[in-house]
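Remarks on the structure that follows.
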Protein chains: 2
Amino acid sequence: MTAKPGKVTQREIARIAGVSQTTVSMVLNDRDGSNIRIPDATRERVRRAIEQSTYVADPAARRLAGLDNKILGVFTYESALTPESMDFYGPLLNGIERAAESLGCDLLFFTSSPVEEGRRRLFHRNTRLRLADGCVLLGQQMDGEDLERLVAEDFPFVAVGRRDETEAPVPYVGIDYGALTETLLGRAAELGHERVLYIHRNRNSPTARDRLAAIERAGHSPAVTLAVVGDDLAGLPRLIGETGATAVFAEDAFLVEDAALVLGDAGADAVSLAALAEVRGHRIGGRNLTGFHTPRQQIAAEALALLQQLISTAPDERGGIEIQRLLQGEVAFGETLTARGGAR
Amino acid sequence: MTAKPGKVTQREIARIAGVSQTTVSMVLNDRDGSNIRIPDATRERVRRAIEQSTYVADPAARRLAGLDNKILGVFTYESALTPESMDFYGPLLNGIERAAESLGCDLLFFTSSPVEEGRRRLFHRNTRLRLADGCVLLGQQMDGEDLERLVAEDFPFVAVGRRDETEAPVPYVGIDYGALTETLLGRAAELGHERVLYIHRNRNSPTARDRLAAIERAGHSPAVTLAVVGDDLAGLPRLIGETGATAVFAEDAFLVEDAALVLGDAGADAVSLAALAEVRGHRIGGRNLTGFHTPRQQIAAEALALLQQLISTAPDERGGIEIQRLLQGEVAFGETLTARGGAR
DNA sequence: CCGTATTGATAATTCGCATTATCAGCGGCT
DNA sequence: AGCCGCTGATAATGCGAATTATCAATACGG
């Protein structure tokens, strides 16, 4: 397919310059040493031949010869570019693009990964993964097998978001949701809240567990009641009544929005609300939602920096690298977390 | 770099199954013919060896051997994933992602292209372009040299947006802004507007020229005065007064917004406003802006379909393909184009 | 019983580039 | 003359998969 009649190879350059293909390669890669010596005159002759032509190195051949490619893979466990997911992925992708640009790398999106048993799989018969020097993984939920295999094969990769679903340590860059959760609980205590209701969907993700662990750690001030909720939040008012909670925290901003809808204007005014997640762009009844601000572009930049580090380090020397990095986010004090009983 | 100790090759599979590498390749590609015959027993043996292992074909080697890669390049003349440009690129990228997914292709973003003389260049010493089977080009303004060279090298590519900056015909998928412009002018005439002021930035792009050509074609009903404006729109009220225009059309929605700002509430109420471009998400003083709706996801889908067609057709047989395609958008009748002198 | 298909499979080659090993030519030294 | 060492360059090889040419073994036909 796609015949390339105009393709210029090193051999062609060599013919023009009257040297061997080896010499052309040496000149292109600035090789020089005890065994390889090329006088400037020859160098110049070869260079000129290259300038005259439209020579471009074939990346496939370079790769096959064992060189780096300057290609970074990007794998998302959900579609990355839909309008809905742009909210979440947008800043990450933007950060990745910028970092890649400054590293001089191209980005290979594995959009072709087939869906097997309801989830996208990174590994399949025809994966182009190996074309990349390394890979960034994105997504709320990742596949443990994929991760295991990447580790086992010493393939350089970095997950965005904390991971703990595997035996082997997985390189990641994430947000310290535990610390943020503690801070926000402390703030709630200061504001006089003694009973808080935490609603979540019982997701089996590391960050979900981190939040729960932090709540655990916080002890009894304030006392937090955990409640798993489904799509139907109808039972929420009853739950609030039973627990005597003066504040409702939820796993993410969307869940807060759903809760606010169920509680109605009056109810939403009566209790404080907060999300233990990014709240940028979310407002509840005209008020800025209290929650976290997470530096997503920074995460992306850090992830690519780590990836680059892994790529340029031999597998057996990666021991010294800090491969699990948590960045500190900040608590966004909106207007939905107010003093207990206080009018806003 | 990046030693791949766990890398399984066809040779390894061959060793396990007790056959030659050739046979493995034949089985994998389902080759069969007068010269190549492999009994089912052997086939099965090889298949099982592959199943047992973690064999994945090396894409670089396949590519070098002259096969298709299922990789489509994406080149944007501006950064594609910034929050600002998401407005424009988002729907296109989304469409591209979905089309690629259904075609089973991965997407290679050429984020590494260096900026030379103020513009990004597709071709450079280390371009990974050849790794892709074909390429989609995005951007308001493209580089004529890039296009010429792509054509000259018979490299399959498709530009998004109409192109006319080259001698050779460039494959593209775009919007028929001419037709839309005519329709909107007609509508203005129906509403009683006899004099329209068209403000633009004198951009040297095909679509800009299309709009001007359509205005030209429309003749004298309504009479359109053309005005090139810079960043400063201060002279706009005077222009309106001099020309007696009852409606102001602008090149794009942003320009309309700027104009509305200059005219102020009173002025914006007095004249009708419209953009000869996509107006989704743009509102002027609480009213939906009149302009066009362009099916951007559809453009992307069509572009990838065309690209796929070019890829799978030998260069000398591409004659029969309709390589320049204009899609019809639709006029979005907002509330900023009203009957002449009519209250809204 | 000898030539000739047919079957099943493999050795050899190619793709473009990087690298290693090798070599021809020359000057200096003993 | 014979040996050494240096310079400048090239032949040979490998990377992994696809393809082409080739071959050994068996079956067949007369």
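Order of the sequence lines fixes the chain letters, A, B, ..., with proteins taken first and strands second; residue numbering starts at 1 for each chain.
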In whole Å, I'd like the distance from the [atom1] atom of [X] to the [atom2] atom of [N].
X	N	atom1	atom2	answer
B:N69	D:dA18	CG	P	12 Å
B:R63	C:dC17	CZ	P	13 Å
B:L64	D:dT19	CG	C1'	13 Å
A:K7	C:dC17	NZ	C1'	12 Å
A:L131	D:dC15	CG	C1'	14 Å
A:R15	D:dT10	CZ	C1'	18 Å
B:R125	C:dC17	CZ	P	12 Å
B:D32	D:dA18	CG	C1'	16 Å

Exercise. Do any of residues 39-52 of chain A sit with a heavy atom less than 4.0 Å from DNA chain D, and if so which?
Worked result: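 The answer is A:P39, A:T42.
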
Exercise. So does B:R128 pair up with A:D68, basic N to acidic O under 4.0 Å?
Worked result: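 A salt bridge is absent here (no side-chain N lies under 4.0 Å from a carboxylate O).
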
Exercise. Are B:E51 and B:R48 ion-paired here, with the side-chain N under 4.0 Å from a carboxylate O?
Worked result: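 Salt bridge flag = no for B:R48 with B:E51.
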
Exercise. Could you write nucleotides 18-28 of chain C as a row of B, S and -, 5' to 3', where a protein heavy atom under 4.0 Å of any base atom gives B, of only sugar-phosphate atoms gives S, and otherwise -?
Worked result: BBBBB------

Exercise. So do the side chains of B:M142 and B:V170 get within less than 4.5 Å of each other, counting heavy atoms only?
Worked result: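 Sidechains of B:V170 and B:M142: no contact.
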
Exercise. Below 4.5 Å, heavy atoms only, C-beta onward: do A:R45 and A:I38 meet side chain to side chain?
Worked result: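 A side-chain contact under 4.5 Å is absent here.
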
For this session: Looking at every strand, decide which applies to A:T9 at a 4.0 Å heavy-atom threshold: base, sugar-phosphate, or nothing.
Result: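 Since only primed, P, OP1 and OP2 atoms lie under 4.0 Å of A:T9, the category is sugar-phosphate.
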
Side-chain donor-acceptor pair present, [X], [Y], cut-off under 3.5 Å:
X	Y	result
B:Q297	B:R98	yes
B:S25	B:T22	no
B:Y55	B:E12	no

Exercise. A:L310 pairs by side chain to side chain contact (heavy atoms under 4.5 Å, CB included) with which of A:I323, A:D133, A:D154?
Worked result: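 Of all the options given, the one that passes is A:I323.
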
For this session: Return the nearest nucleotide to the side chain of B:S20; candidates are C:dT10, C:dG16, D:dT10.
Result: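 Nucleotide nearest to B:S20's side chain: C:dT10.
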
Exercise. Shortest non-hydrogen contact from A:L72 to A:L304?
Worked result: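 Closest approach of A:L72 to A:L304, heavy atoms only: CD1-CD2, 3.8 Å.
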
